[in-house]
Protein chains: 2
Amino acid sequence: MRKTDQKRQHILDTAYRLFQSQGFANTSMSEITAEAGGSKATVYNYFPSKEELFVECMTNISDQYIDGIFGGLQDFEGELQVALLDTVKYALRVLCSLEMLASKRLLIAEAERSGIGRLFCRKMDGYMGELAAILRRAMDEGQLRQGDPLLAARQLRALLEADIVERCLMGVQTAPPSAVVIARAAEDAVATFLAAYAPCCDADT
Amino acid sequence: MRKTDQKRQHILDTAYRLFQSQGFANTSMSEITAEAGGSKATVYNYFPSKEELFVECMTNISDQYIDGIFGGLQDFEGELQVALLDTVKYALRVLCSLEMLASKRLLIAEAERSGIGRLFCRKMDGYMGELAAILRRAMDEGQLRQGDPLLAARQLRALLEADIVERCLMGVQTAPPSAVVIARAAEDAVATFLAAYAPCCDADT
DNA sequence: TAACAGCGAGACTGTACAGTACGGTATGTA
DNA sequence: TACATACCGTACTGTACAGTCTCGCTGTTA
């Protein structure tokens, strides 16, 4: 039982990696088998079809992706701007990693397959809810003006991903953006977010 | 000469439509031929390979996509908020159409092929520059606070696409969002944008 | 030792597709 | 009439791949 679980997981990991880097259509079961070691019969012993293997991989990818972004999410302490910037900078660094970009590309390309996209959005909504709860607290404490916290959370995310993620998705450059570029993008996002949600008249940073 | 141009364009249009709705891998040259009428030999007479036919389609798609968003872009007249809202609402409606979503999905999925993604980004940059120029004028006139107009343009676009476009890309629903939902998203985006870039202390709308 | 289960290796089947070959047709031009 | 151009229809080739099957090895249990 132990050993077969390991085997299954190993196949899953290998498939995950190959799908992520090559896409669904360009990854063959033979390739997965060869890479994982063993034989096709064994792979088909664990997974009934390429489709089902793929869907299970995508569920994992979806988890990893979202956990990666707001994994370190927790109540902000101290100066709001500083805490926000830290969180956001970390998230953006993860978002711009080659692995996450490959995941997102795959998610979008194959979104319709077996409702993978819906799954992703539902999970993302969960995390957005958590971020919103934190922002609501900041609003109640007067660190931000009152407003719809869920909308604020989504707009913060939008400002963060603005431009830079699309540019990466479109493969403008092969390497992920430098730490400097990422930091700059995060600062711009936080500055604009705080300006929009400032409690009163200290819009500019 | 006239006729061959028509024929070529007809093949291109057909391929465009099929690629857009089914993706690259799931569309065969035989299917394109059957749909367009005529024979494979004729298709191969105009396009040396599936790859090159695809790339030419993607160039068209890329054009259509970007033209569609800010096609009606022109200097804002009258009340800034009203003009901005009109422009942005129109753009979002286009962005959320099934055709544009299919285009974007395809662009992302096949971005690496023949530098299609880079082409898209370069064109998008052009339009962002135009929007930035308009915003700069609003800044100079005191309708917006001073700031980096290009950054402002990108953030406006980010706020606009926030959430709703991703949700569509992920195929959460098959039909495009209703006019009401789109209008609401546009209003939220403009409100937050104006709050962030307000010239002084009238943040809330 | 014997029987068996799990697995590896890889041959095999059926299918789909990119791209080619070829024979025939319609239209226009000299 | 003779020829050329552009096209159609379709059969064909070679390749790739999902999924199956067979065989042989190895470790385990009785």
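Proteins get letters first, then strands, A, B, ... in listed order; numbering begins at 1 in each. Model, not experiment: these values are computed from the prediction. Just so you know, these numbers use all the heavy atoms, side chains as well, and skip hydrogens, waters and symmetry mates.
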Open item on the list: How many whole angstroms separate atom CE of A/Met29 from atom P of C/dG14?
Closed with: 20 Å
TODO: Return no unless some side-chain N or O of A/Tyr44 is found under 4.0 Å from OP1 or OP2 of C/dG8.
DONE: no
Task: Near-strand residues of residues 15-28 of chain B, defined as heavy-atom separation under 4.0 angstrom from DNA chain C - done: B/Thr27, B/Ser28
Open item on the list: Suppose we screen for side chain to side chain contact (heavy atoms under 4.5 Å, CB included). Which residues come up paired with A/Ser103, at least two apart in sequence or across chains?
Closed with: A/Gln20, A/Ile61, A/Tyr65
Task: N/O (side chain, A/Asn45) to phosphate O (OP1/OP2, C/dG6) under 4.0 Å - done: no
TODO: Identify, residue by residue, the members of residues 48-58 of chain B with a heavy atom below 4.0 Å from DNA chain C, and return them in order of residue number, or none.
DONE: B/Ser49, B/Lys50
Task: Spacing between A/Ile32 atom CD1 and D/dG19 atom C1', to the nearest angstrom - done: 13 Å
TODO: With sequence neighbours excluded, tell me which residues meet side chain to side chain contact (heavy atoms under 4.5 Å, CB included) with B/Pro176.
DONE: B/Leu98
Task: Pairing residues for A/Thr174 by the side chain to side chain contact (heavy atoms under 4.5 Å, CB included) criterion, not counting sequence neighbours - done: none
Task: Sequence-distant partners of B/Asp67, side-chain hydrogen bond (donor to acceptor under 3.5 Å, both in side chains), two or more places apart - done: B/Tyr127
Task: Geometric cation-pi criterion B/Lys50 and B/Tyr44, 6.0 Å radius, 45° cone - done: no
Task: Contacts of type side-chain hydrogen bond (donor to acceptor under 3.5 Å, both in side chains), residue B/Asp13, not counting sequence neighbours - done: B/Gln9
Open item on the list: Just the rounded figure in Å: distance from P of C/dG6 to OH of A/Tyr46.
Closed with: 9 Å
Task: Protein-nucleotide distance (A/Arg8, atom CZ; C/dG6, atom C1'), rounded to Å - done: 17 Å
For nucleotides 8-12 of chain D, which of its nitrogen or oxygen atoms have a protein nitrogen or oxygen under 3.5 Å away, and what is each distance?
unit_1 : atom_1 : unit_2  : atom_2 : d
D/dC8  : OP1    : B/Lys7  : NZ     : 2.9
D/dC8  : OP2    : B/Thr42 : OG1    : 2.9

Task: Lys/Arg-Asp/Glu bridge criterion (N-O < 4.0 Å) met for A/Arg137, A/Glu141 - done: no
Which atom pairs, donor and acceptor, lie under 3.5 Å between side-chain atoms of residues 52-60 of chain A and protein residues at least two apart or in another chain?
unit_1  : atom_1 : unit_2  : atom_2 : d
A/Glu56 : OE1    : A/Arg8  : NH2    : 2.9
A/Glu56 : OE2    : A/Arg8  : NH2    : 2.4
A/Thr59 : OG1    : A/Val55 : O      : 2.9

Task: Pairs satisfying salt bridge (Lys or Arg N to Asp or Glu O under 4.0 Å), at least one member in residues 23-42 of chain A, at least two apart - done: A/Arg17-A/Glu35
Task: Pairing residues for B/Asp86 by the side-chain hydrogen bond (donor to acceptor under 3.5 Å, both in side chains) criterion, not counting sequence neighbours - done: none
TODO: Apply side-chain hydrogen bond (donor to acceptor under 3.5 Å, both in side chains) to B/Asp188 and list each qualifying residue two or more places apart in sequence or on a separate chain.
DONE: B/Arg184
